[in-house]
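Okay, structure first, notes after.
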Amino acid sequence: MEATILLLEHDAKMLLGARGLTVPEGVLAAADTMPEPTGDGPWVVKAQVPVGGRGKAGGVCVVQDRAGLQEAADAICALTIKGFPVRELRIEEAVPDATELYVGLVLDPATAEVVVMASAEGGVEIEAQAETAIHRRWARPDEASLTAALAEVAGALPPNAARAVTEAGARIVAAWLDLDATLIELNPLFLRADGSWIAGDVRMDVDEGALPRQPGLTALLDDRAAAYPEAIFKRDNGFDLVVVDPEGEIGLVTTGAGLSMQLIDEMTARGLKPYNFCDIRSGGMRGDPARLVENIRRVLEGPNLKCILVNIFAGITELGEFAGLLLKALDELGEVPVPLVVRLVGNGQDRADAILRASGRGLILERDLDRAISLCAAPEVADA
Amino acid sequence: MEATILLLEHDAKMLLGARGLTVPEGVLAAADTMPEPTGDGPWVVKAQVPVGGRGKAGGVCVVQDRAGLQEAADAICALTIKGFPVRELRIEEAVPDATELYVGLVLDPATAEVVVMASAEGGVEIEAQAETAIHRRWARPDEASLTAALAEVAGALPPNAARAVTEAGARIVAAWLDLDATLIELNPLFLRADGSWIAGDVRMDVDEGALPRQPGLTALLDDRAAAYPEAIFKRDNGFDLVVVDPEGEIGLVTTGAGLSMQLIDEMTARGLKPYNFCDIRSGGMRGDPARLVENIRRVLEGPNLKCILVNIFAGITELGEFAGLLLKALDELGEVPVPLVVRLVGNGQDRADAILRASGRGLILERDLDRAISLCAAPEVADA
Amino acid sequence: MLEQLIDPAAPQVPVMVQGATGRAARQHIKLMLGHGTNIVAGISPKAAGEVQDGVPIFATCAEAVEGTGARVSLPMVPPMSVLPAAREALEAGVRLIVTVTEGMPVRDAMHLHALIREHGAEWTGASSPGLAVPGRCKLGFLPDACLALGPIALWSKSGTLSYETALRLKSRGLGQSAWIGVGGDAVKGTRFADLVPLFRDHTPTRAVVIVGEIGGTEEEDLAARLAQEPLDKPVYAILAGSAAPEGKTMGHAGAIVSGGKGTFESKAEALQSAGVHVFRAIPPLVDRVAQDFQKETA
Amino acid sequence: MLEQLIDPAAPQVPVMVQGATGRAARQHIKLMLGHGTNIVAGISPKAAGEVQDGVPIFATCAEAVEGTGARVSLPMVPPMSVLPAAREALEAGVRLIVTVTEGMPVRDAMHLHALIREHGAEWTGASSPGLAVPGRCKLGFLPDACLALGPIALWSKSGTLSYETALRLKSRGLGQSAWIGVGGDAVKGTRFADLVPLFRDHTPTRAVVIVGEIGGTEEEDLAARLAQEPLDKPVYAILAGSAAPEGKTMGHAGAIVSGGKGTFESKAEALQSAGVHVFRAIPPLVDRVAQDFQKETA
């Protein structure tokens, strides 16, 4: 399954700025590398995390002078917002004395169309606005349809706001189509008294599935690999692995998104602490243990790791072959310092169990998933 | 599938005679070997064929003296009765001046019980009798139940007839149970004026499936192998092969009783002349081409054979393996003087066709059964 | 129990296999499991306590029924052992026996028939090729290649002829709602006529195809039952053996024309007068069934 | 067409596979054929005229539809080729497209959605794990080991989670009347709510099990539809992702909690108020469904 990539604000602004959207001048910073910001202030220091609500969490701070910059940066970089430790900041020129508008293009799964939205009352609380304040039109993902919808929602706003929404909106329509976006929101879109506008905040999601036809996005992710560890991991390794709890104790080597998610739920409900989500796609390994090696190596990075659970439900894959690959991966990894509970169910399960038993590696084999989860809690009781 | 074996009258009389049933003294004869009959005549000369209606077909003849015996024997041995050429005769003492009764035990498939039947009006036309003349009771296949039913049907007859039916019936009840019979009929059961009885004709069918627990029957079939060619063939080769038309032109190597029968029907309806019925049981060959060798050798005995059709529908058997066995069989047979049309459908059909094509034996491969049948009619048109 | 077996909206019936560790039994257990059959136990005294292909093996039927709730047994044992195996299963409380062994002695079959009546149970066999509701369960040998869920109830004496018929119907988009192989035996558990009430209200069935053959009176008895209690869906029959000579047993124990009884003509006439469409070859049957369905859905 | 597909009493729908000669396509075509699917054609310009595993290969969809009457297409092509493949199939007259490719771009999915509406056709995907009526047909990847005909309609976003759920229900004797994998995509052809009218009068279905997950509003939309048009059979749901952190995409494109939307709680509340039994773990769901069926048949 291909996911949506939530671009960090800074990256979204760089992309859209290059496509003619006016955005405040700004630089990317980190706690220990603080480039000189443009202008004379005031500035806004913003945590770059792929999640909404950073303002409420203290991740956005206005500073009046250069003296305040480092202090604000230090404070924000100390934050963890909804599980994401803040590692990067965007420092940009503040936009004072402006009205806050809203314009956005959002994928609507229910209709498979784009909702074009605009409001004369933008700001952080857009979701909490009265329904009547937001104007919505549904459009097909082509320029004519999106432009017509944009004209309609803009037409419901006061003239200056309408012009700003129309102009800024035209840029995001083009970007949506060019970049295979699934969401672009300007919120706020600042409208100055003189009628000029500038995009105060940008949220932009792009479609991971479209990356093969988006060389620009691919280059961006390459340049900013550290900021998109999961997308880069997936691109490099061909499967999904997401650390859900850096303090987690149980590493997962699992196939299938739904079942892996469910495993995390059931473990969590039973008081266990899974370290990661994972969809290794066992059907696509083609005789190469590389994914297994990378998966196990990655979960072993968890500082509190106590156990690894391998859970493969094989509809099509032959599990005997998988078992062989697992042993190869373990050989390549050398000593694995935690016990492995292995649950292989499906096509060739008997052969797989026999292969693993014969290896003498002391793997803990268990067919029943509930018992396998229990064994993860106390692998020492297993009669391996 | 196990079949019923229709014993020839002579064999049935030998078996039942040994079990206390009074039968006329008699000997087995053939056109060229005519043993001395017992007594002074008159005698009855009877064709030994496993089918009813031989009387109407001229297969039973009463002769008054020794001079008439050879003439009658020659005449009867020249007959073919319902497809069976007469090869053997039973010559036995005639029973003059007697009443004809009927007593029989017949399997009733509908109830899975035995019908015990008796009538004071026996004779060749028992099937054509008024229903009321035949007394019937259903019984379980155990002595108590059969005996009780016999007593009831006998009770409906006049006293002398009742006694004869009861006494003769007791013998056939015992034989039924002892010998795993599925049908025993005494028709006529002669009742003499003095109240004594003697079984004029005996029909007895036994269950092929029970042969493993019937050493006596097995020995009989061994002794009389030429008279029971199909049962012996099956025992020796592990599959069924029945010549249905000695003049037939198309030899069958087929699996499955129902489908093989159907093939014969469809061929016959299209004016083709199948030589044999066959159920080779391809699933039970276990890597040995012996059945195929025997099957093909046997059909090649047909003097008019023009073509062999191999038709295997493999649900479970791997046809690649079958194809290999077929080639082995053909190697073992040396040159086969007629073309083979081969239709293999099911598990592994592609592999099988490839193996047969690669053999360079010019086998005519055709997946479609209807076209395969057409090819049997004119194998020379096939683009082998 | 047969009724529950063919009801796709009922929970699956738990099945045990007697003689489960034999070579052929093991192969077919895998195929049956692969087809969704709910095999909960195998019986084999010498392998008791083991687990074979995920199926626990018990020493006796009583233990298996106790431990797993099995309600159906499939004895995969040699011919002479079918009767004792079936008796043990019945005494353990099994409600349906499906026997697939070829060559069970007729007298044993008669005894089993009586035992089944005494226990108020059901039996399909003696040598059933198998039963199936495609995708739900399969008991016996029916090849997966022929199985496809669809509107046709297939009732058959023969294995191979029904495979061929099913495959051709399937190639026309017509799979099976249920497939009952009653076997080609003279003495059997379930006869064609017994199936009439089971399929009258079987909604997945929109037509019945009978694969019959010469010999015996099963087709005639079916015709009599259909005349009394019509099925309210079209019935088609193919009858094998129209060209078979009298007095030759054509493989199946029951398939013999004898004394003018059990002929193709007798069966065809009886079935036709009960409204059944009778065929002596597969292609016209398949064409006709397909045409009738096309008309209906057009 | 989906309605005919799930009706066991209808003739089988003829299916074609685009990209039929690819390695995975060929493997799955065999498995689908083995499950009874009526695959009448494959599309592959470079193998046109050949026959692969009994399936004739055509150069174009138009020729295949013309030659075989295919009504459903399963494109087994790379992500960027799904849209053009589906367009070709629609223009050739196919009525249902089932796409199973992972990673179809969202914008392509939106275009396909519009095309489907224009043609008045149906679409299941973008990345459906597959559809099946056990024993009748299977389109896609659903493992045979999980398929068993029975009373449960399974509607699932996830492949693997539904496999696990199906396998455990099957081990309790509860197979599927039909299994529709709608996929875990944000933009998709068939959504849970679309299935409600199809299953209302689907007699083989006696209960529905939803395998849902966090993200999007599909479960909420289903709940709204069920509240308006109840199904008249029990509905159970397992929802994955109750422990997923916000802002992390959990494999599926749609499986992300964002801005407080698409949460487990929102879905659970909506479904519960529409009378659905909601679970966050498989064992209690399976226990409950099995118990309810036991009560009913007791």
Side-chain angles (χ1 to χ4, degrees), chain C residues 4-15 30-31 33-40 54 69 71 132-138 143-153 166-167 169-179 202-207 233 289-290 292-294 296-297, chain D residues 4-15 30-31 33-40 54 69 71 132-138 143-153 166-167 169-179 202-207 233 289-290 292-294 296-297:
Chain C
Q4 187 178 340
L5 211 69
I6 64 170
D7 177 2
Q12 281 196 302
V13 178
V15 176
K30 281 188 185 175
L31 291 168
L33 287 170
H35 207 85
T37 314
N38 189 21
I39 301 181
V40 296
R71 307 284 283 160
V133 176
R136 178 178 174 80
C137 62
K138 153 173 130 156
D144 291 319
C146 300
L147 290 171
L149 192 62
I152 309 283
L167 194 70
L169 283 167
K170 181 181 154 186
S171 76
R172 304 288 274 270
L174 297 168
Q176 310 92 36
S177 56
W179 182 338
H202 191 242
T203 49
T205 297
R206 286 172 51 201
K233 6 198 161 195
V289 177
D292 287 356
F293 267 90
Q294 264 177 351
E296 208 183 310
T297 52
Chain D
Q4 186 177 342
L5 209 71
I6 64 171
D7 176 3
Q12 282 197 303
V13 178
V15 176
K30 281 189 185 175
L31 291 168
L33 287 170
H35 207 85
T37 314
N38 187 22
I39 301 182
V40 295
R71 306 285 283 161
V133 175
R136 177 178 174 80
C137 64
K138 153 173 131 155
D144 291 320
C146 300
L147 290 171
L149 192 62
I152 309 283
L167 195 70
L169 283 166
K170 182 183 155 187
S171 76
R172 305 287 274 270
L174 296 167
Q176 310 92 39
S177 56
W179 182 338
H202 191 242
T203 49
T205 297
R206 283 172 54 201
K233 6 198 161 194
V289 177
D292 288 356
F293 267 89
Q294 266 178 349
E296 210 183 309
T297 52

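Lettering follows sequence order; numbering is per chain, from 1.
Residues Ala10(C) and Pro151(D) come closest through the heavy atom pair O-CD, 3.7 Å. Between Ala9(C) and Phe293(D) the shortest heavy-atom distance is O-CE2, 4.3 Å.
For chain D, the nearby parts of Pro8(C) are the backbone and the side chain; heavy atoms of each come within less than 4.5 Å. Neither the backbone nor the side chain of Leu169(C) comes within less than 4.5 Å of any heavy atom in chain D.
Here Gly150(D) is the residue among Ser171(D), Gly150(D), Ser177(D) with the most heavy-atom pairs under 4.5 Å with chain C. Of all the listed residues (Pro134(D), Gly175(D), Pro204(D)), the one sharing the greatest number of non-hydrogen pairs under 4.5 Å with chain C is Pro134(D).
The closest side-chain heavy-atom distance from Lys170(C) to Gln12(D) is below 4.5 Å.
With sequence neighbours left out, the side chain to side chain contact (heavy atoms under 4.5 Å, CB included) criterion links Ala145(D) to no other residue.
Interatomic distance, Thr203(C) OG1 to Asp7(D) CG, rounded to the nearest 0.5 Å: 9.5 Å. To the nearest 0.5 Å, atom CG of residue Leu33(C) and atom CG of residue Asp144(D) are 13.0 Å apart. One distance of note links CG of Asn38(D) with CG of Leu174(C); it measures 9.0 Å at 0.5 Å rounding.
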